[in-house]
Amino acid sequence: MDSKKVHILPTGKIPDAVCSFVAEASREAIANRGAFYIGVSGGSVANFLGDGLPHLTDIQWEKWHIFFCDERHVPFDHADSTYRIYKEKLVGKTSLQENQLYGIKPDMSVEDAAKDYAEVVKKVPASSGGCCPVFDLLVLGMGPDGHTCSLFPGHNLLDETSLIVAPISDSPKPPPCRVTLTYPVINAARSAMFASTGAGKAVILQRVLEGKEDPPLPAAMVQLSEGTVHWFIDESAACELKSSY
């Protein structure tokens with residue numbers, strides 16, 4: 001199933017739109033299932049969420065469980081740590097507790113950290129009769145090469161089907177060692193979203209959304225089996241798109 005929805009907005013509207021979308025997803029999940037299981041990413045979207053979510057009302061933070069779509073294999077206080085961003089921006093500024101952030105164990109080897117994190121991710125409930133964890137929402141990023149999570153063009157992890165969390169020690173983007181979700185769990189999510197802004201993303205965004213490349217770019221391989229992939233993009237990033245959305 002390839003169900004996607006593209007939201008094109010003025011640049012300044014993207015952060016608020018992203019935060020509102022995440023907040024509404026949390027309310028729906030909590031109303032329907034009693035908790036909200038979300039996977040988050042680093043980059044600009046981490047700042048959108050970290051800066052915007054604390055100002056929103058009607059968020060039941062005590063029902064949130066925040067996991068990481070990928071993480072750099074670095075200590076939590078390292079400048080490259082995605083865990084650090086969310087801890088600094090949400091813990092203490094909302095009622096979210098640090099034990100609701102489910103991070104990797106960077107003191108382990110990257111291989112052991114991935115195995116350990118796979119067990120952590122299994123805290124996310126599976127669908128009835130299923131064995132794969134089903135996130136309510138994955139907040140994803142896209143790099144200038146079309147990668148998402150730590151799944152890079154041409155890498156053998158694109159074909160991984162047995163692991164839900166995998167190590168990578170040869171990332172073309174530093175740091176080289178990372179832990180990442182794989183497509184089986186990504187594409188099992190109820191909903192996913194990307195946020196891309198700026199003219200620098202325009203060409204790669206057109207290839208991901210409209211290209212017919214074989215093999216497809218990693219971000220284009222996010223095709224949820226049941227839900228919808230939402231793209232929040234600004235007018236500059238949308239300038240190369242051929243279709244009207």
Side-chain angles (χ1 to χ4, degrees), residues 4-26 29 36-56 59 61 64-72 79-91 93-94 96 100-104 135-152 171 173 178-181 185-186 189-202 204-205 208-209 217-222 224 227-238:
K4 61 178 179 281
K5 184 167 184 178
V6 179
H7 311 262
I8 301 174
L9 302 167
T11 302
K13 300 290 187 183
I14 295 292
D16 285 349
V18 166
C19 289
S20 295
F21 182 83
V22 172
E24 183 55 35
S26 77
F36 181 47
Y37 292 88
I38 179 174
V40 296
S41 299
S44 58
V45 74
N47 290 315
F48 294 164
L49 296 179
D51 294 339
L53 286 175
H55 299 289
L56 298 185
I59 291 183
W61 287 107
W64 283 49
H65 301 273
I66 301 178
F67 296 77
F68 294 85
C69 298
D70 69 326
E71 178 61 287
R72 289 77 174 262
D80 287 334
S81 170
T82 301
Y83 184 99
R84 176 190 58 81
I85 298 172
Y86 287 91
K87 178 184 174 183
E88 290 180 354
K89 289 182 176 289
L90 296 180
V91 176
K93 297 180 180 178
T94 70
L96 185 83
Q100 294 171 259
L101 289 172
Y102 298 84
I104 69 167
F135 282 92
D136 295 307
L137 175 63
L138 295 178
V139 179
L140 302 169
M142 181 189 68
D145 59 354
H147 84 264
T148 191
C149 298
S150 286
L151 301 168
F152 294 90
S171 166
K173 180 181 179 181
R178 297 153 176 253
V179 170
T180 184
L181 298 183
V185 68
I186 292 171
R190 291 186 175 88
S191 181
M193 59 151 291
F194 289 86
S196 291
T197 61
K201 291 286 182 72
I204 196 71
L205 190 63
V208 166
L209 289 178
L217 289 164
M221 293 173 65
V222 178
L224 306 189
T228 299
V229 182
H230 293 262
W231 288 83
F232 289 87
I233 61 178
D234 68 1
E235 292 158 339
S236 297

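In what follows, every heavy atom counts, from backbone to side chain, and hydrogens, waters and symmetry copies are set aside.
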**Item:** With sequence neighbours excluded, residues passing ring pair (Phe, Tyr, Trp, His ring centres under 6.0 Å) with Y102
**Value:** H65, F67

**Item:** Closest non-hydrogen atom pair, M142 against K201
**Value:** O-NZ, 2.9 Å

**Minimum-distance pair of heavy atoms, taken over all atoms of S196 and W231** = OG-CZ3, 4.3 Å

**Prompt:** So, the side chain of Q100 versus the backbone of W61: is there a donor-acceptor pair under 3.5 Å, distance only?
**Reply:** yes

**Complete:** When I66, L49, V40 are each screened for side chain to side chain contact (heavy atoms under 4.5 Å, CB included) with L90, the one that passes is I66

**Message:** Determine whether I8 and E235 satisfy the following criterion, side-chain contact (heavy atoms from CB on, under 4.5 Å), listing intermediate values before the conclusion.
**Reply:** CA-CA 6 Å; I8 301 174; E235 292 158 339; 4.1 Å; yes

**Prompt:** How are the rings of F36 and W64 set relative to one another: parallel (under 30°), tilted (30 to 60°) or perpendicular (over 60°)?
**Reply:** perpendicular

**Message:** Donor-acceptor pair, distance only, cut-off 3.5 Å: does the side chain of E71 make one with the backbone of G103?
**Reply:** no

**N/O donor-acceptor pair under 3.5 Å between K93 side chain and G50 backbone** = no

**Fill in**
Of all heavy-atom pairs linking L56 and C19, the shortest is CD1-O, 3.7 Å

**Asked** Can you tell me if D136 uses its side chain to pair, donor with acceptor, with the backbone of Y37 under 3.5 Å?
**Response** yes

**Message:** For I85 versus A46, what's the shortest heavy-atom pair and its separation?
**Reply:** CG2-CB, 3.9 Å

**Message:** Restricting to non-hydrogen atoms, name the atom on L224 and the atom on A192 that form the minimum distance, rounded to 0.1 Å.
**Reply:** CD1-N, 3.6 Å

**Request:** Hey, could you give me the CZ/CG distance between F68 and L181, rounded to the nearest 0.5 Å?
**Result:** 11.0 Å

**Request:** Taking atom types as modelled, find out whether D234 and T11 have a side-chain donor-acceptor pair closer than 3.5 angstrom.
**Result:** yes

**Fill in**
Rounding to 0.5 Å, atoms CE (M221) and SG (C149) come to a distance of 11.5 Å

**Request:** Using atom types as modelled and distance alone, determine if a side-chain donor or acceptor of R72 lies under 3.5 Å from a backbone N or O of T82.
**Result:** no

**Item:** Neighbour count above 12 (heavy atom, 6.0 Å) for K87 NZ
**Value:** no

**Asked** Should L151 and I186 count as side-chain neighbours, where that means a heavy-atom distance under 4.5 Å?
**Response** yes

**Prompt:** Distance-only, no hydrogens or angles: does the T228 side chain make a donor-acceptor pair with backbone N or O of K4 under 3.5 Å?
**Reply:** no

**Asked** Hey, does V22 have a side-chain heavy atom less than 4.5 Å from the side chain of M193?
**Response** yes

**Asked** What's the spacing between H230 NE2 and F21 CZ if we round to 0.5 Å?
**Response** 4.0 Å

**Item:** Interatomic distance, S191 atom OG to K5 atom NZ [nearest 0.5 angstrom]
**Value:** 11.0 Å

**Item:** S44 OG to I14 CD1 distance, which is reported to the nearest 0.5 Å
**Value:** 10.0 Å

**Message:** Using 0.5 Å steps for rounding, measure from the CD1 atom of I59 to the OG1 atom of T94.
**Reply:** 8.5 Å

**Prompt:** Which heavy atom in S41 sits nearest to a heavy atom in C69, and how many Å separate them?
**Reply:** OG-CB, 3.7 Å

